[in-house]
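Here the structure is laid out as structure tokens; the discussion comes afterwards.
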Amino acid sequence: VVAFTTLMDALCRAGRLHQARELLIEMRRNGCRPDGMTYNTLIHKYGDAGDISVVCELWEEMETEGCKPDVFTFTTLINALCTRGKVDDAFGVLDKMIKKGCVPNLHTYNSLIGGLIKSNRLEEAQKLLRVMYRKRCEATSFTYNLFLDHYVEEGQFNEAYQLFLQMKRNSITPDIVSYNICIEGLGKAGRVREAKDLFAEMRQLGFSPDVITYNMMIRCYGKAVKVDEAIQLFSEMMDNGCAP
RNA sequence: UGACUGUACUUCCACUAA
């Protein structure tokens, strides 16, 4: 089963959905019973592709084979709905999930918060954050990054920065993604100086800038017509073994 | 008894599919 599932995941990632689904039939023919993970893999990709009808088919196949949908299955579906802006449907799935005795975890909440934010339902997202807290499902930097990105995208850099500080106060260490998002925001706002400071700060804290960080900084300098700095960063990036 | 192998959530760009 593991070998089949691994191959199936690879096919899915390569976008060869159809072959992945054929593989499911193939493995049954070989007397190999697909398990929950196998189905989750397929459901994930079909969900991303927005092919809800196939998702439903797979879901039924799964249940008739005696595989119970688990947190992964539900969260996968919830996430697919959330990224497509169908947040209310996602909450419907959440209800079903809970009724079936399946407990939502951090990933589930993160997906929902992401969906709410994408639909500009910020207050509800914040409300959900409090629900998480009550349920002892602690938000992580991942969760905060969803909010950070939203503020940056809206050009509300002060809000983003406040949140960034708040994270630190709540002893949630910003991760490299948090820094990348903030640097992007500063760059967009033309606040080169501060972007540079943040860039320095992250390195002091032991984060190695990644391709995205460099892209952000280079774009930031480019916008500020500081071509020399941009070029210098570019070569530094290469020196650090970071391929453009 | 426990650990280990395959599946889910966030940031730039490109690619692919429609």
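Computed over heavy atoms, backbone and side chain alike; hydrogens, waters and symmetry mates excluded. Proteins get letters first, then strands, A, B, ... in listed order; numbering begins at 1 in each.
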Rounded to whole Å, how long is the line connecting atom [atom1] of [X] with atom [atom2] of [N]?
X	N	atom1	atom2	value
A:E184	B:rC13	CD	P	8 Å
A:M216	B:rU11	CE	P	10 Å
A:L106	B:rA8	CG	C1'	11 Å

Exercise. Do A:Y221 and A:Q232 have side-chain atoms, one donor and one acceptor, less than 3.5 Å apart?
Worked result: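 No - no donor-acceptor pair under 3.5 Å links their side chains.
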Exercise. Among side-chain atoms of A:N145 and A:S178, is any donor-acceptor pair under 3.5 angstrom?
Worked result: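 Yes - a donor-acceptor pair under 3.5 Å links their side chains.
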Problem set entry | Presence of A:R13 side-chain N/O under 4.0 Å of B:rA8 phosphate oxygens OP1/OP2 |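 Yes, such a contact exists.
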Exercise. In Å, rounded to the nearest 0.5 Å, how long is the span from OG1 of A:T38 to CZ of A:R33?
Worked result: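 Nearest 0.5 Å value for the OG1-CZ distance: 11.0 Å.
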Problem set entry | Closest nucleotide among B:rA8, B:rC9, B:rU7 to the A:D9 side chain | B:rU7
For this session: Return the nearest nucleotide to the side chain of A:R219; candidates are B:rG6, B:rC12, B:rU10.
Result: B:rC12
Problem set entry | Donor-acceptor contact present, side-chain A:T75 to main-chain A:F72, <3.5 Å | no
Exercise. Can A:Y39 be classed as stacking with the base of B:rU7, given a centroid separation cut-off of 5.5 Å and a plane angle cut-off of 30°?
Worked result: no
Exercise. Is any N or O donor-acceptor pair between the side chain of A:T5 and the base of B:rG6 shorter than 3.5 Å?
Worked result: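 Under the 3.5 Å cut-off, the side chain and the base do form a donor-acceptor pair.
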